[in-house]
Protein chains: 2
Amino acid sequence: MTSKPNARQPSHVACRDCSLSSLCLPLALSIKDIDQLDNIIKRGRPLKKGEHLFLEGDQFSSVFAVRSGAIKTYTATNEGEEQITGFYLPSEILGLSGMDTDTYPVSAQAMETTMICEIPFELLEMLSDQFPELRRHLMRLMSKRIREDQQMMMLLSKKNADERIATFLINLASRFRRRGFSSQSFRLSMSRNEMGNYLGLAVETVSRVFTRFQKNGLISAVGKEVEIRNSVELCALAGGKTLDPNQILVTSA
Amino acid sequence: MTSKPNARQPSHVACRDCSLSSLCLPLALSIKDIDQLDNIIKRGRPLKKGEHLFLEGDQFSSVFAVRSGAIKTYTATNEGEEQITGFYLPSEILGLSGMDTDTYPVSAQAMETTMICEIPFELLEMLSDQFPELRRHLMRLMSKRIREDQQMMMLLSKKNADERIATFLINLASRFRRRGFSSQSFRLSMSRNEMGNYLGLAVETVSRVFTRFQKNGLISAVGKEVEIRNSVELCALAGGKTLDPNQILVTSA
DNA sequence: TGACGTCATTGAGATGCCTCAAAGTCGTAT
DNA sequence: ATACGACTTTGAGGCATCTCAATGACGTCA
């Protein structure tokens with residue numbers, strides 16, 4: 001673990017000094033070009049838990065990178081309930097799905113105190129006219145998202161409750177790992193309810209699966225704190241295809 | 001109806017003369033620039049039913065546009081069954097999800113005799129370095145796909161069997177309509193089995209829902225021929241959010 | 001620190017879809 | 001024309017998950 005996940009960060013770190021630069025958009029730019037990206041990025045005040053970054057139907061104007069905290073995106077079903085479409089952790093980019101419309105197709109809300117980098121899309125487009133590598137990176141981001149959504153569709157149409165939750169936990173673990181945090185032990189930023197909503201399960205089912213996983217020694221969980229105690233078994237439940245080869249968990253510390 | 005859906009087309013129509021140019025990639029290019037796209041497009045022999053365009057794991061090299069016929073993409077589940085991830089009709093583009101990997105993440109197979117335009121990705125990237133409008137179009141395509149996948153995730157996690165099939169039929173209808181064909185009456189290119197696989201339902205359930213829909217006068221179906229008899233009801237079942245405002249069906253001819 | 005509201009857990013019963021099984025229909029190729 | 005295989009339909013029963021209900025734990029704020 002390099003540092004604590006929610007360590008305070010000054011609110012105006014330059015991209016070149018940001019610890020996430022190797023995961024975020026700067027990935028596509030050389031050191032000297034990063035400063036240009038830096039110039040167009042707006043860094044707002046931190047969002048408090050429950051505050052919205054944008055609402056479904058808002059004028060599309062920017063894409064966003066999470067710097068700390070966590071964001072969920074959701075849309076309203078026909079019956080007016082919320083359907084969560086994604087969770088975003090630090091270094092992850094959201095807002096790209098609004099690109100071909102005038103308005104955001106989902107709402108984005110902070111699940112805890114969250115810091116955001118805002119990248120006005122018009123400027124990002126100008127910058128990507130300038131840097132082919134940046135636009136390829138954007139394309140790759142979107143392409144990756146399409147593949148991830150397809151994995152999600154597979155989860156929703158073929159997996160049972162146990163497999164869904166195993167997959168979800170393994171996926172979270174690998175995302176934490178990528179950011180340099182422990183993949184064995186972490187804090188969920190979402191409630192059981194939100195998890196169930198996202199995974200197409202009732203809260204009660206999520207809760208029962210958690211209980212069962214603990215009885216079987218797969219995980220231990222106290223509230224939102226989760227520890228993966230048997231990642232081999234959990235991966236097996238999740239199904240090998242869920243993780244990229246470079247995302248395989250280390251089995252022991 | 002402007003012409004029959006499966007009317008024979010000569011196998012080497014230039015983009016500028018293709019009846020699908022207003023729906024396909026040329027959409028992003030001016031008349032004189034289209035010829036450049038034209039030059040990089042490879043037009044192969046027609047694929048027969050069951051033939052593959054590419055296999056999961058094949059080296060990623062091109063994106064493809066369907067010119068006539070129909071393609072399905074699928075991937076293998078952990079248990080080795082096939083999971084269909086999409087159906088592609090004429091003018092629709094597939095292969096973009098492979099963009100950020102070396103290999104295609106899905107297999108693509110012809111569901112009937114199908115003609116394809118192949119666009120080598122390297123050349124497409126060069127061309128889009130030249131034409132900002134083309135690359136914005138590509139981005140929009142991907143962004144649209146992300147939104148559609150999210151609709152699909154919503155379908156899979158919140159809708160029951162009736163709603164899934166209503167949504168599917170309405171979606172197909174609007175895609176036919178966009179291409180200038182009847183949205184009231186069309187031929188399914190997929191089997192009940194494939195439909196169920198895609199929608200996360202057992203074949204038997206699909207069949208039962210079709211029967212029920214016919215009893216209730218929503219549709220009539222003989223084999224793969226489907227007629228929508230009550231599009232208002234069917235849309236209501238599908239849920240308003242499923243269709244873009246510009247995809248709303250005309251209620252009567 | 002105590003009280004409240006939110007979130008999580010557990011139990012019991014209902015249900016929608018799946019599985020298995022069998023018969024019926026269609027398309028196709030010989 | 002006929003026979004075969006593949007696809008579709010229908011029925012019966014089982015099961016995973018949902019729904020409803022109640023209790024329990026936690027976090028937060030006065």
Side-chain angles (χ1 to χ4, degrees), chain A residues 6 48-50 70 72 77 79 81-84 109 111-113 155-169 187-216 219-226 237, chain B residues 6 48-50 70 72 77 79 81-84 109 111-113 155-169 187-216 219-226 237:
Chain A
N6 293 315
K48 283 203 281 282
K49 178 174 177 168
K72 70 172 173 184
T77 64
E79 294 76 35
E81 309 153 54
E82 103 177 12
Q83 164 68 42
I84 295 174
Q109 186 180 28
M111 293 191 294
E112 52 191 74
T113 303
L155 175 145
L156 290 170
S157 79
K158 292 274 185 295
K159 291 184 179 178
N160 65 25
D162 285 15
E163 292 164 346
R164 290 183 198 196
I165 291 184
T167 304
F168 183 72
L169 291 174
R187 183 174 205 285
L188 301 170
S189 43
M190 70 291 296
S191 66
R192 303 283 191 273
N193 208 333
E194 292 170 321
M195 201 184 307
N197 182 302
Y198 178 64
L199 295 173
L201 298 170
V203 201
E204 295 91 331
T205 304
V206 175
S207 191
R208 280 185 252 266
V209 172
F210 264 67
T211 304
R212 187 148 12 96
F213 278 6
Q214 288 186 82
K215 275 186 189 140
N216 299 342
I219 63 171
S220 68
V222 182
K224 293 196 158 56
E225 292 293 336
V226 172
L237 248 184
Chain B
N6 291 317
K48 283 203 280 285
K49 178 173 179 169
K72 71 172 174 186
T77 64
E79 293 78 35
E81 309 154 55
E82 105 176 11
Q83 163 69 43
I84 295 174
Q109 186 180 27
M111 294 190 294
E112 52 191 78
T113 302
L155 175 145
L156 290 170
S157 81
K158 291 275 185 295
K159 291 184 179 179
N160 64 26
D162 285 14
E163 293 164 345
R164 289 182 198 197
I165 290 184
T167 304
F168 182 73
L169 291 175
R187 181 172 207 286
L188 301 170
S189 43
M190 70 290 296
S191 67
R192 303 283 190 272
N193 208 336
E194 291 170 322
M195 201 184 307
N197 181 303
Y198 178 64
L199 295 173
L201 297 170
V203 202
E204 296 91 330
T205 303
V206 174
S207 188
R208 280 186 252 268
V209 172
F210 264 68
T211 304
R212 186 147 14 92
F213 278 6
Q214 289 186 81
K215 275 187 189 139
N216 299 342
I219 63 171
S220 69
V222 182
K224 294 195 158 56
E225 292 293 337
V226 173
L237 247 184

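So that the names make sense, note that chain A is the first sequence line, chain B the second, and so on, each numbered from 1.
Between the CD atom of A/Q214 and the P atom of C/dA8 there is a distance of 13 Å, rounded to whole Å. Distance NZ (B/K158) to P (C/dG16): 17 Å, rounded to an integer number of Å. Rounding to whole angstrom units, NZ of residue A/K159 and P of D/dA16 are separated by 18 Å. Atom C1' of nucleotide C/dG27 and atom CD of B/E225 are separated by 14 Å, given to the nearest angstrom. Counting to the nearest Å, the P atom of C/dC18 and the CD atom of B/E79 are 16 Å from each other. Atom NZ of B/K215 is separated from atom P of D/dT9 by 12 Å (rounded to the nearest Å). Taking atom CG of residue B/N160 and atom P of nucleotide C/dA14, one finds them 21 Å apart after rounding to whole Å. Between the CG atom of B/L188 and the P atom of C/dC26 there is a distance of 16 Å, given to the nearest Å.
Comparing atom distances between the B/K224 side chain and each of C/dA8, D/dT9, D/dC7 picks out D/dC7 as nearest.
Other residues, nucleotides and ligands contribute only 12 or fewer heavy atoms inside 6.0 Å of the NZ atom of B/K48.
In plain terms, the two heavy atoms of A/S157 and B/Q83 that are nearest each other are OG-OE1, 3.0 Å.
Taking a cutoff of 4.0 Å between a charged side-chain nitrogen and a carboxylate oxygen, A/K49 and A/E112 do not qualify as a salt bridge.
Residues passing the side-chain hydrogen bond (donor to acceptor under 3.5 Å, both in side chains) test with B/K72, sequence neighbours excluded: B/E82, B/E194.
Dashed line: the shortest gap from a side-chain N or O of A/T211 to OP1 or OP2 of C/dT10 is under 4.0 Å.
If you check every strand for non-hydrogen atoms under 4.0 Å, B/S191 touches sugar and phosphate atoms only.
How far CG of A/L188 is from CG of A/L169: 7.0 Å, rounded to the nearest 0.5 Å. In this structure, the separation between CG on B/L237 and CG on B/D162 is 6.0 Å, given to the nearest 0.5 Å.
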At a cut-off of 3.5 Å, list every protein nitrogen or oxygen paired with a nitrogen or oxygen from nucleotides 18-27 of chain D, distance to 0.1 Å.
from	atom 1	to	atom 2	distance (Å)
D/dC18	OP1	A/G200	O	3.3
D/dC18	OP1	A/A202	N	3.3
D/dC18	OP2	A/A202	N	3.1
D/dC18	OP2	A/T205	OG1	2.5
D/dT19	O4	A/R208	NH2	3.1
D/dC20	N4	A/E204	OE2	2.8

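A 4.5 Å side-chain heavy-atom check between B/L201 and B/V209 finds every atom pair outside the cut-off.
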